[in-house]
Structures are given as C-alpha cells and as structure tokens.
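Notes follow once the structure below has been shown.
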Amino acid sequence: MTSLAAVFEKARSEDRAALVGYLPAGFPTKDGAVAAASAMVDAGCDVIEIGLPYSDPLMDGPTIQDAVHRSLSNGTRIADVMRTVEGVARTGAATLVMTYWNPIDQYGAERFARDLANAGGVGTITPDLTPEEAGPWREASREAGIETVFLVAPSSTEERIGIVADCCTGFVYAASLMGVTGARESVGLAAEGLVKRTRAHTTLPVCVGLGVGTGAQAAEVAAYADGVIVGSAFIRRLLDAPDESAGLFAVRELAAELAAGCRRR
Amino acid sequence: MTSSEDTVLQPGDLVGGDAGTGGKFGVFGGRYVPEALIPALDEVAAVYEKARTDVAFIREFDHLLRTYAGRPTTLTDVPKFGAQAGGARIVLKREDLTHTGAHKINNVLGQALLTKRLGKTRVIAETGAGQHGVATATAAALMGLECVIYMGAVDCERQSLNVARMKLLGATVVPVTNGSQTLKDAINEAFRDWVTNVDSTHYLFGTVAGPYPFPGIVRDFARIIGVEARRQILALTGKLPDAICAAVGGGSNAIGIFHAFLGDEGVALHGYEAGGRGLETGEHALTLTAGTIGVLHGSRTYVLQDEEGQTIESHSISAGLDYPGVGPEHAWLKDSGRATYHGITDAEAMDAFALLARTEGIIPAIESAHALAGALKLGRELGPDATILVNLSGRGDKDMGTAMTYFNL
Ligand SMILES: Cc1ncc(COP(=O)(O)O)c(C=O)c1O
C-alpha cells in the first residue's frame, strides 16, 4: 500500500503527472474488476479509484451508468467493494473508493472508514458530499487514517474552492467541465484555469478528471495538473471487448498510452 | 396589492424561512449534490429570497394565479361521497379546476417567473404523472422558454395523453429508460442535464423534495392552496376543519394545503402514500410509512432503500405517487408528530376514484384518489360531526387509460 503523498512525490521527482484510473467494483465481474485494475496498475496507473456501484448515479454519464448497472446486477455489495480494494491494494497502487454518500451513510461512517482502512484503502472521493454535510465523514476518516478527496468544478466560486480545498486531504479533484462523467472529444477549456484557481487555496496536489480518454489529452492535462483521472475510457474498453482477456489487453494498452501522455507534459 | 378581494396572494404568503437554517427541517433536507451545482442552487436561493418579499414579483405571480391558473379554486361540499365516509362532512379543495388540471401549475408559474429573474432561457423538469411536465410546458409556452421534460418510459406509457399535451405545447419529452423507468430515474436524468447546461437552464423542480432551496421554494409556491382553503372553510363552515387529507408523492400538494394550518393545533394533518399492492408485497411507495432515513436526490429524508443504501424501486398504480423518496419537510412533520402518514392501496384508491365519479360527478386524478380513500377511512373513524378537508390535487382525464384497463370500461 502506497500513500497518496508518496505517489505524488514520486511523480514529481520523475517530472510527470500521476495517472489515476477508475473502475467500479463488480465490473465486468467481481474478479474481473481486480484483474482489470491490476492490469491498469501494471501498465502505469499510480492510483486506482474503485467505484462503489449505486442505484442512482446522478453524476455519471451513460458509460459508467452501464457498468454500474451490470455490477449491481452481478449482486455487488459493499463487502465486495472492500474485497476489490484489498485485491487492488495488493498491487501496491494507492487505492481509493469513489462513492455517492448514501451507501456510506447507511453502512455507518465509522464502520466504512475502518473497513476501508483495513482493506488497504487510502481514502475516498465523495462527489455528492458537500462540505456543509461532510463533518462526520471527515472525522471518521481522520480517526481511521484515510484521506478525504472532494471535488471543485469550473462553476465554483473562489470562496467555494477555498471551502472545498480545506476539506480535502491527499489531493483535490478538479472536474474539467460542467457535466457528467464520460470521455469527450476535448478536455474542458475551463480545467487549466480551475487548477490555477485551486492552487491559490491549497498546497495539495490537484488532479483533473471528467472527459479525459486519450494519451494526447493526458499530456495536455499533465502540463498543468498533478494528476490525470480517467474512468469512462477504461470502462468503454471493457464494454467493447469480446471477452475478458481482450478486455484486459485493451485496458492495459490504454493505461500505457495514458501513462506515456503523463510523461509528455 | 393589499385588498384581499382582488388578490389571492398576500405579501407574506411566500414565507421562505429555510434560508437561515441552510434548508434544514430538523435533521432533514440539506444539500447532497455535485459541487458543480452549488453556485446554481445558491443563485436560485438568492433570487428567490429577494423575490418573495418584492411587491412587483408578488403582484406578477398573483396576476398569473388569478388570470391564468384560475385562482382562487373553489371548495365543494360532497355529501353523497361523505355518506360513505361515516357521514362526515367532506369538503374538497378543487385544485383539479386549475388551468392544466392539477396543483402543479402554482409552483410552475412561480418558478417560471424566477427563471426570468435568473436570466435563463431554458427550463427542464422531471415528471411522473405528466402533470408537472404539462404545467412546465405550459408556462414555457407562455413565457417563451425552451422546455425539455424528462419522463420515465413506463410513465410515458401510462400517461400518454399528457405526453401528447406536452408535445403540443412545444416541449421536448425525453423518455428515460434507465432503472425503474419512472419518476426517480427522470429526476436523475434531469440533474444530469442541469449540471451540463446550468448556464442557460433552470431546473424547474416539481415537488418539495430535492436539495435546498427547492423544498422551501416549491412549498411556498404551493402554499396558496392552504391559504385560500383556510379562509374559505372558515367562511363556509364557521370553523376550522377537524382534519385535512392529502396524497403524498414528493409531497407538494400535501405541504401546499397543510402549511397554512400548521399552527392550528386542532386540525389533524393526514398524508396518504401509495400502498401499491400492499406493504407485505414489497410493491409500494410507502416511503414515510416503511422507509428509513437516508439521502436521495440531494436531500436527507425518508427513503425506500436496502441496508446498504441502494434505492428500492417503488410501485403504484399512480405515476405521480410512484417515488421512493419524499420531501424533507414531511419527514420532519412525521418525526415531530404534527402530521400522520398512512398507506392507501391501489385497490382502495381505485374504489375511491370510482366512488367520487359516481356520487358527485367529479373524476379525480388517481393520486388525489389516495387522499379521498383516506378521507373515507378517517370519516368512518371520526363520525358524522367531523369536517374533513381533502385536497383534490388534480383531475382524472390523464388516468382514463389506466381506468379503462382497471374497470374494463
Ligand atoms: C394530481 C397530482 N396529485 C399529486 C401528485 C403527487 O405529487 P406531490 O406529492 O408533489 O403533490 C401529482 C404528481 O404528479 C399529481 O399529478
């Protein structure tokens, strides 16, 4: 298990951005998710976000919705998410859980934080948990020794960026555009400005996600951000693959392309 | 602007008051949304906070309520229906007589005016029964706004008449095919549109659920129902009613009629949720009666969910009540004991639906029929001395397809 601080320290020393890959637990299958994430780490991902599949993913576009739906149909439970984290953390990559708030709320904040830490997870990203409601989760995470990552968006005011950044540990997640998750033709023009605005409020690393899917886009983002976050593009590869080994090959190939992009800053 | 003869809405009727407490009703409410939406929610809250005490805004809203929506709506005594309710005096608040045929128009006109103040040119909305969609499409046509309505594919089917109405009014109707293909999924899709197009677009939320400031704003715009009804029932009967009955989906018509009576301790407030095929079958929308506290669609409230927080799909014969969440103020009214919530099965609702049609010549919306079924039970409990005010939230034209199948017409 690597800490986020160590990940970004290493990337900085190699003059590159860190590569963060996202996959929902239980997709394409429970074991398949660990295999795919391991292949992604092997080919250059520094950090893996394991998505906790939720019935009402209102921040996600069609690709992640599709994967999450399949995962829930596979019967994925929180215990499976923890097992997935355990399997992925074993690769040595820093492993986070990305989740909507309600599953943590129902599972119990302290219990979730403790179980995640025990599974080797280093923290969470909680896209619909606003700073105003985040007190108990930050407290539970601090107790368990895990990081809390929150999002800033192009629409965020200076004041909000400051408030959100103050709640973050590990890194700050900058959403590149106004919209849901999903690969796009181009990375939002607002991203660079948002990263710059965020840096005025924090010394934490700032990673950019939403809409990144190619090596060229990774290189573009790596020029100004500390990390490049890619989700839907990996999922697309798995959805389009005719079988599991073709899927593994495809995500490995994409991770390598993105990792090379992160080094071309 | 102060003469009560000429106006339905008085300064002060838009009470607001949620702003100071961050949109919390006790532990319920709040905001659980992507950070990207926070500025838009803050903007809506700020514009509304100004508007609600602005005489020009109140005058404009009042004008629309009177000359476009057809307010005030009347009260109707229904003695033959009441005879089946233990002889209790049943009085209907006739929201079915508003333009477009349901209480939804009140909130929609208020928010359409807010949309103009926000400087936005496009509105989006979710709809279940199609009544909120029709009302939104109507206001958009009136005010020259672009309009997109998200509606679950299942609901498009069972409320096809309303889909045609929306299209005729110039709206784009997007059938939502994910999840349960009902109201919950339509709301998800509307949020996805909003976060993408928030610069041009106002999300014209249709019920008292969702993140702050929606529960308070929608409540205020629907509040006219109870404000009028309180005045009217005093004039009609010389006293306040013993009880008020309303159907609860997201909760807007119920809070709309309850709110002006919250301080009247002698007035019992009863909300009726969709019991579907019955609690024991698991096929119901008994959010307050059988749900647990969690977060859905940006708000802490009661939710139908499993122990890991996955939403459980609801069921009701009524599209407008087929929702696994509920507005946070109802969660608060339940926990504080001020209001009581009950379930009405599909069969009970359809019986009441037919009974009102046969006895009084009024075809209610199936949503409203849940409140009528509740009044039948309550009247039998309270007896012939009781006066029960029922919010007849909408008319039943849209439900003829369902009724034809159900009653073999
Ligand atoms: C006539 C009517 N009554 C009630 C409802 C339920 O909504 P709410 O609980 O917000 O009043 C609807 C919703 O579509 C409706 O059309």
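So that the names make sense, note that chain A is the first sequence line, chain B the second, and so on, each numbered from 1. All values below come from the heavy atoms of this structure, side chains included, with hydrogens, waters and symmetry mates left out.
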Give, as side chain, backbone, both or neither, the part of [X] having an atom under 4.5 angstrom from any heavy atom of chain B.
X: A:D66; answer: neither
X: A:D105; answer: side chain
X: A:V180; answer: both
X: A:P127; answer: backbone
X: A:L177; answer: neither
X: A:P57; answer: both

Heavy-atom closest contact ([X] atom, [Y] atom, distance):
X: A:C168; Y: A:L204; result: O-CD1, 3.3 Å
X: B:K184; Y: B:P324; result: CD-CG, 3.7 Å
X: B:Y212; Y: B:R31; result: O-CD, 3.2 Å

Chain A contact via B:I187 - which portion, at a heavy-atom distance below 4.5 Å: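 Contact with chain A involves no heavy atom of B:I187 at all.
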
Part of B:Q305 lying under 4.5 Å from any heavy atom of chain A: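 Side chain only.
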
Per-residue contacts, residues 33-43 of chain B versus chain A, heavy atoms under 4.5 Å: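 So far as heavy atoms go, B:V33, B:P34, B:E35, B:A36, B:I38, B:P39 are the residues that approach chain A to under 4.5 Å.
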
Presence of salt bridge, A:D80 and A:R77, under 4.0 angstrom: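 Not counted as a salt bridge, because no side-chain N and carboxylate O are separated by less than 4.0 Å.
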
Crowding at CD, B:E307 (>12 non-hydrogen neighbours, <6.0 Å):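 Counting neighbours around CD of B:E307, more than 12 heavy atoms of other residues, nucleotides or ligands fall under 6.0 Å, so yes.
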
Pair B:Q111-B:Y48, side-chain hydrogen bond (donor to acceptor under 3.5 Å, both in side chains): steps then yes or no: CA-CA 9 Å; B:Q111 282 200 56; B:Y48 176 64; over 6 Å; no

Donor-acceptor pair between B:Y341 and B:E273 side chains, under 3.5 angstrom: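 Note: B:Y341 and B:E273 side chains miss the donor-acceptor criterion.
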
Distance-only side-chain donor-acceptor flag, B:T182 / B:D155, under 3.5 Å: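 No.
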
Trace of the side-chain hydrogen bond (donor to acceptor under 3.5 Å, both in side chains) decision for B:N188 with A:D56: CA-CA 7 Å; B:N188 291 340; A:D56 293 274; 2.9 Å; yes

For chain A, the option from B:R300, B:H297, B:E189 that forms the most heavy-atom pairs under 4.5 Å: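 So the answer, after comparing B:R300, B:H297, B:E189, is B:R300.
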
Verdict with supporting geometry, B:R117 and B:E49, salt bridge (Lys or Arg N to Asp or Glu O under 4.0 Å): CA-CA 12 Å; B:R117 291 201 161 202; B:E49 228 5 70; over 6 Å; no

Contact winner vs chain B - [options], heavy-atom pairs under 4.5 Å:
options: A:Y100, A:Y107, A:W101; result: A:W101
options: A:D60, A:L129, A:I104; result: A:D60
options: A:P53, A:A153, A:P103, A:G179; result: A:G179

Aromatic plane relationship, B:H202 with B:F214 - under 30° parallel, 30 to 60° tilted, over 60° perpendicular: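 Rings of B:F214 and B:H202: tilted, 30 to 60°.
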
Parallel, tilted or perpendicular: ring planes of B:F191 versus B:W194, cut at 30 and 60 degrees: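 Geometry flag for B:W194 against B:F191: tilted rings.
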
